[in-house]
Amino acid sequence: MPELPEVETTLRGVSPHVIGKRVREVIVRDKRLRWPVPDTIHEMEGCRIDSGIRRAKYMLFGTTKGTLLLHLGMSGNLRVLTPDVPFKKHDHLAITLDSGKQLRLHDPRRFGAALWIEGDPMQHALLKDLGPEPLGDVFSAAHLHAACKGKTAAIKLVIMDSHVVVGVGNIYASEALFMAGIDPRKPAGKVTRPRLEKLVKAIRDVLTASIEMGGTTLRDFVNESGEPGYFAQTLRVYDREGDPCRVCGTKIKRIVLGQRSTFFCPKCQH
DNA sequence: AAAACTACCTGAGTGC
DNA sequence: TGCACTCAGGTAGTTT
């Protein structure tokens, strides 16, 4: 579910409700997430949340005492409710604010995470080795070219490698490669520089467009208000096996690359 | 070093 | 209905 646009959508929706607010109580209903929710998360109680930023698919909420790191995994969502709303199954974490609102992390598959970081969050093991943000200046054709040089791995796997660039998940990798006209199986080292230029632009464009539409809801993604995103209607290849290519009418193919479903148009992509 | 694969977990959908 | 099976948006970690 949540890739970068969905995390960004969630963060933008949640931020106005949490920035400047004080944490009244942290309720851990089930600590069994990807990593056990640490008891130190209660350190947040009494703290004022000063900032909310995204790094890759992680959300970071800063206080003077430490930083709350949240990840939505494959099936997570973060909603703004009030304490009187009954908990649902898989509501694992709730953070009550002095405004009377309550943030809730809901994650059926429990691949998400909630951690408390003391010190510089960017030096945390999960964050320090990440590649550049796809929407930032560091991610460029020159950067991607250097990362692809000599690699025999499929280009799709390279753009999904978080050491190369963060935030490009399975949906948007297929979409960006379609937009750039590149076969996802193509060895990264053999993709020409001009086509890498197109790919960088395609990655930026598809992520930006999706953010503007509130993300992609295939099955269960909802934003902080419980509403779906509308980018799924715009998907060109993802989850469209057998359907006609929106450009040439050829049937979209599905293959598996790196154990993940990959969709492309065999005529438009080389 | 890089590629290949495993693990974590629940729920929806499919075929019998 | 029910059972067995497949598949799913992420990513750290292990093995080859």
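Labels below follow one simple rule: chain letters A, B, ... track the order of the sequence lines, proteins then strands, and each chain is numbered from 1. Heavy atoms only: backbone and side chains are in, while hydrogens, waters and symmetry mates are out. Worth saying up front: this structure is predicted, and the values here are computed from it rather than measured.
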Which whole number of Å gives the distance between the P atom of dT6(B) and that of dT6(C)?
14 Å

Short side-chain N/O contact from Thr152(A) to OP1 or OP2 of dA3(B), under 4.0 Å
yes

If you measure from the Lys or Arg side-chain nitrogens to the Asp or Glu carboxylate oxygens, is any gap between Arg55(A) and Glu133(A) under 4.0 Å?
yes

OP1 or OP2 of dT11(C) sitting under 4.0 Å from any side-chain N/O of Lys57(A)?
yes

Does Lys89(A) put a side-chain nitrogen or oxygen below 4.0 Å from OP1 or OP2 of dT10(B)?
no

From CG of Leu218(A) over to P of dG13(B), roughly how many Å is that when rounded to an integer?
13 Å

Flag the pair Asp98(A) and Arg48(A) as a salt bridge only when some basic side-chain nitrogen lies within less than 4.0 angstrom of an acidic carboxylate oxygen.
no

Map His90(A) and Arg34(A) onto DNA chain B by nearest heavy atom, then report which one ends up closer to the 5' terminus.
Arg34(A)

Whole angstrom is fine here: how far is it from CD in Glu3(A) over to C1' in dT11(C)?
13 Å

Look at Glu8(A) together with Arg54(A) and state whether they make a salt bridge at an N to O cut-off of under 4.0 Å.
yes

Round to a whole Å and report the spacing from CH2 of Trp35(A) to P of dC9(B).
13 Å

Establish, with yes or no, whether the OP1 or OP2 oxygen of dA8(C) is under 4.0 angstrom from a side-chain nitrogen or oxygen of Arg254(A).
yes

Expressed as a whole number of angstroms, how long is the span from Phe221(A):CZ to dT10(B):C1'?
19 Å

Listed nucleotide nearest any side-chain atom of Met74(A), set dG10(C), dC5(B), dG11(B):
dG10(C)

Ring of Phe111(A) versus six-membered ring of dC8(B): centres under 5.5 Å and planes under 30°?
yes

Candidates dG10(C), dA8(C), dA3(B) - which lies nearest the side chain of His71(A):
dG10(C)

In what stems does DNA chain C take part, counting only runs of at least 3 consecutive Watson-Crick or G-U pairs whose two distances fall under 3.5 Å?
B:2-8 with C:10-16, B:10-16 with C:2-8

Separation of dA12(C) C1' from Gln259(A) CD (nearest whole Å)
15 Å

Answer yes or no: is there an ion pair linking Lys201(A) with Glu197(A), defined by an N-O contact shorter than 4.0 Å?
no

Considering every strand and a 4.0 Å limit on heavy-atom distances, what is the contact class for Phe231(A): base, sugar-phosphate, or nothing?
nothing

Determine whether any donor atom in the side chain of Arg110(A) lies under 3.5 Å from an acceptor atom in the base of dC9(B), or the reverse, and answer yes or no.
no

Whole angstrom is fine here: how far is it from CG in Leu257(A) over to C1' in dC5(B)?
15 Å

Using the ring pair (Phe, Tyr, Trp, His ring centres under 6.0 Å) criterion, which residues pair with Tyr238(A)? Sequence neighbours excluded.
Phe263(A)

Whole angstrom value for the distance that separates C1' of dG10(C) from CE of Met160(A)
8 Å

So Tyr172(A), base contact, sugar-phosphate only, or nothing? Heavy-atom distance under 4.0 Å.
nothing

Is it true that Leu196(A) and Val166(A) fall in one hydrophobic cluster, defined by side-chain heavy atoms closer than 4.5 Å?
no

Out of curiosity, His106(A) NE2 to Asn77(A) CG, how far, rounded to the nearest 0.5 Å?
5.5 Å

Among dC9(B), dC5(B), dG11(B), which nucleotide sits nearest the side chain of Arg109(A)?
dC9(B)

Please work out if Leu126(A) contacts a base, only the sugar-phosphate, or nothing of the nucleic acid, heavy-atom cut-off 4.0 Å.
sugar-phosphate

Does Arg260(A) place a side-chain N or O at less than 4.0 Å from the phosphate oxygens OP1/OP2 of dT11(C)?
no

Looking at Glu118(A) and Lys65(A), does any basic side-chain N land under 4.0 Å from a carboxylate oxygen?
no

Specify the separation, in whole Å, of atom OH of Tyr58(A) and atom C1' of dG10(C).
9 Å

